[in-house]
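Shown next, in structure tokens, is the structure this report addresses.
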Amino acid sequence: MSEIQDELIELGNINGVFGIQGWVKVFSHTSPRIQITDYRQWVVKHQGKTTEYRVLRGRVQGKAIVAQLEGIDDRNQSEAMVGAIIYVRKSQLEKLDEGEYYWSELVGLQVKNQEGVDLGEVEWLFETGNNDVMVVTGDKERFIPYVKDRFVKSVDTDAGTIVVDWDPDF
């Protein structure tokens, strides 16, 4: 993986077009979803090509997020972008306090319980309203609440591990 790929964080994808002036519909992984348009410089990867775009405007349109990108001025150009993945540079992200992590930093980490039993790898996370939940895939799929000190005992991104208080049979 190149240095430039190492510093990119996936925030969503372009999943449609809006109007005739080149606006794109965006599926956002940010919370709130509209926050993706706060990042004014996107790195867009599509069909093996990587291009940087400046976000001119973004807004909620019905249930969708739509954005206008510099240089994309008509529907044909925006249609050609459907399916593209949206990234931002890690340096654009807000610095977090000690012990706080972006979801993208947790995906791919190995999860072990306090007894050292390997439970698998964090595949993805989701919100429930009360707390976030890690989906851990190993010998089976587990849904482990991301609750510090109760279930999540430690996170070591350098070592690539998360230690949890979790019964392997559950």
Shortest non-hydrogen separation from [X] to [Y] and the atoms involved:
| X | Y | result |
| --- | --- | --- |
| N113 | P168 | ND2-CD, 3.4 Å |
| I72 | G22 | CG2-O, 3.3 Å |
| G120 | V136 | C-CG1, 3.7 Å |
| W103 | L125 | CZ3-O, 3.3 Å |
| I14 | V24 | CG2-CB, 3.8 Å |
| G58 | T37 | CA-CG2, 3.7 Å |

Practice task
Please answer: with hydrophobic residues joined when any side-chain heavy atoms are less than 4.5 Å apart, are V55 and M81 in the same cluster?
Solution key: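 Yes; tracing contacts between hydrophobic side chains, which count when under 4.5 Å, links both residues.
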Report, as yes or no, whether the 6.0 Å neighbourhood of atom [atom1] on [X] holds more than 12 heavy atoms from other residues, nucleotides or ligands.
| X | atom1 | value |
| --- | --- | --- |
| D139 | CG | yes |
| Q21 | CD | no |
| L93 | CG | yes |
| K153 | NZ | yes |
| R150 | CZ | no |

Exercise for the section: Can you sort out the partners of E123 under salt bridge (Lys or Arg N to Asp or Glu O under 4.0 Å), two or more places apart, ordered by chain and number? Expected result: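 With neighbours one apart ignored, the set is empty.
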Practice task
Just do the side chain to side chain contact (heavy atoms under 4.5 Å, CB included) check on E105 and V155 with the steps written out, would you?
Solution key: CA-CA 10 Å; E105 295 176 292; V155 176; over 6 Å; no
So do the side chains of [X] and [Y] get within less than 4.5 Å of each other, counting heavy atoms only?
| X | Y | result |
| --- | --- | --- |
| I144 | I162 | no |
| W124 | H29 | no |
| N15 | V82 | no |
| F151 | M134 | no |
| I86 | Y53 | no |
| Y146 | L106 | yes |

Exercise for the section: Dump the intermediate steps for salt bridge (Lys or Arg N to Asp or Glu O under 4.0 Å) on R89 and E52, then the final yes or no. Expected result: CA-CA 11 Å; R89 298 194 183 287; E52 291 203 38; 2.5 Å; yes
Practice task
State which residues pass side-chain contact (heavy atoms from CB on, under 4.5 Å) with T128; sequence neighbours excluded, sorted by chain then number.
Solution key: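 Result, side-chain contact (heavy atoms from CB on, under 4.5 Å) vs T128: F126, N130, N131, V133.
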Handout entry: Derivation of the side chain to side chain contact (heavy atoms under 4.5 Å, CB included) call for E94 and Y102
Key = CA-CA 10 Å; E94 180 181 320; Y102 285 104; 3.6 Å; yes
